[in-house]
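Here, residue 1 is the first one in the sequence, and each next residue gets the next number. Below, each value reflects all heavy atoms present in this structure, side chains not excepted, and no hydrogens, waters or symmetry copies.
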Amino acid sequence: NDLEHKWVQETLAYLSLEEKVGQLLVPILSKEAAKPLSSVAEMVAEYNIGGGHYFGGKAEDSFDFLSELQNVAKVPLLITGDLDRGGDRIKEGTPFQSQMALGAADEEELAYQLGKAIAQQNLAVGYNWTFSPIIDLCGIKDHLRHIATIGEDPEQVARLAIAQIKGIQDHGMAACAKHFPGDGFDDRDQHLTTSINPLNKEEWFRKSGYTFRKVIEAGVYTIMNSCIAQPALDPESGDPCLPRPAAISKFLIEQILRKELGFQGLIITDALNMGGVAAHIRIPERYVLAFEAGNDMLLFVRRLDWTIKYFIECVEKGRISEERINESVRRILSLKAKLKLMNWKQQQKRERLEIFR
């Protein structure tokens, strides 16, 4: 709407280049990640980060911690979590079964109610963005995360994922479909090495690509781009033993995700400390390559001082344009506006914690 658009434009206009680079970054919200600064709140204030990943805790402690961070933030924060199992990140929350249980029940209303529960319980303490649903297919029985997938049928996965997305987004939280270009066809772990989606082009559009297309058509706000390679789609995938992962593949992002599938929302990388991308390139160059490939936000960034300085140097040398940074920051701010985060101080009230009593 007009008010949201106005807020996005005005906020983008007053941010400095350093502050705009900060908006691209989503570190872990921990004292370790905040180093060399002394606290997470100081990290938020100093670097103007766009968001942070929180691993949870007691409801009241989480509320107080995340409220403190929002209060010192120049621009409201996106607070992320892997919340696909309901309220299990909150000590007093209600944990739900895995996505496989959802597939076994095969009821869209249950999927919607799971999404609603994810949003209501986690919004209460300060989360506003869940890295779910998982729309990977359980393509082989040795897939390491098979219980985290809805199933192997692309139509069923898409149908139940869409219901879950609606339950999440109807109740004020951003959903995130993951893990592009699709896990579930390799018995290796992308946390340790670059795993591979081995489907040929035709198979991919019929299987993994089908689920992504359907959730995009249904209006999912965000998509997570992974450390998984898709050699049949990526003409520059390189070494077949260690192909280029989607996280740093401009072709997979621009040609497949943006152009072929038509996604215009926000793209965030999976954790950039994982072996699936770390095996290819060191930091901070890893972060710049991921951004140049077309990702909007970078997950689990470390050494924020060093990273921001490196990005600024890339702009000064003409490698990255400020307009390219503006493009991603505009998407980030638009998501924040869609979630009404510009009204955060009016929204966030301790009474929300009553949901856990």
_Tell me whether Arg324 forms a cation-pi arrangement with Phe291, defined as NZ or CZ under 6.0 Å from the six-membered ring centre and within 45 degrees of its axis._
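Pair Arg324/Phe291 counts as cation-pi.
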
*Short question: side chain of Asn225, backbone of Ala246 - any donor-acceptor pair under 3.5 Å?*
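At least one qualifying donor-acceptor pair exists.
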
_Determine whether a donor-acceptor pair (N or O, by modelled atom type, separation under 3.5 Å) exists between the side chain of Asn295 and the backbone of Ala290._
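Yes; at least one donor-acceptor contact below 3.5 Å.
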
Side-chain donor-acceptor pair under 3.5 Å between [X] and [Y], yes or no?
| X | Y | value |
| --- | --- | --- |
| Gln156 | Asp106 | yes |
| Asp234 | Ser249 | yes |
| Asn197 | Ser208 | yes |
| Ser334 | Arg330 | no |

Ion pair [X]/[Y], N-O distance below 4.0 Å:
| X | Y | answer |
| --- | --- | --- |
| Glu4 | Lys340 | yes |
| Glu217 | Arg213 | no |
| Lys20 | Glu322 | yes |
| Arg159 | Asp153 | no |

Heavy-atom pair of closest approach, residues [X] and [Y]:
| X | Y | answer |
| --- | --- | --- |
| Gly86 | Leu114 | N-CD1, 4.3 Å |
| Ala177 | Phe212 | O-CE2, 4.2 Å |
| Ser328 | Asp296 | OG-OD1, 2.7 Å |
| Ser62 | Gly56 | OG-C, 4.1 Å |
| Gly167 | Ala119 | O-CB, 4.4 Å |
| Ala105 | Leu110 | CB-CD1, 3.8 Å |

Applying the 4.5 Å side-chain criterion to the ILVMFWY set and letting contacts propagate, would [X] and [Y] be lumped into a single cluster?
| X | Y | result |
| --- | --- | --- |
| Leu199 | Tyr210 | no |
| Val21 | Val44 | yes |
| Val75 | Leu298 | yes |
| Ile308 | Leu24 | yes |

_Pairs where residues 22-35 contributes a residue and the test side chain to side chain donor-acceptor pair (under 3.5 Å) is met, not counting sequence neighbours_ =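 Every side chain to side chain donor-acceptor pair (under 3.5 Å) pair that includes a residue of residues 22-35, provided the two are not neighbours, is Gln23-Lys336, Glu32-Lys35.
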
_Contact between Val157 and Thr149 at the side-chain level, heavy atoms closer than 4.5 Å - yes or no?_
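A side-chain contact under 4.5 Å is absent here.
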
*asked:* I'd like to check Phe205 versus Leu233 (side-chain heavy atoms, cut-off strictly below 4.5 Å). Are they in contact?
replied: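 The answer is yes; the side chains approach within 4.5 Å.
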
*asked:* Between Leu160 and Gln99, does the side-chain contact (heavy atoms from CB on, under 4.5 Å) criterion hold? Intermediate values first, please.
replied: CA-CA 10 Å; Leu160 295 176; Gln99 297 286 292; over 6 Å; no

*Which residues satisfy the side-chain contact (heavy atoms from CB on, under 4.5 Å) test with Arg319, sequence neighbours excluded?*
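Checked Arg319 against side-chain contact (heavy atoms from CB on, under 4.5 Å); matches are Glu285, Val288, Leu289, Glu292, Tyr310, Cys314.
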
*Have a look at Lys178 and tell me which of Asp84, Asp82, Asp270, Thr222 forms a side-chain hydrogen bond (donor to acceptor under 3.5 Å, both in side chains) with it.*
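The option that passes is Asp82.
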
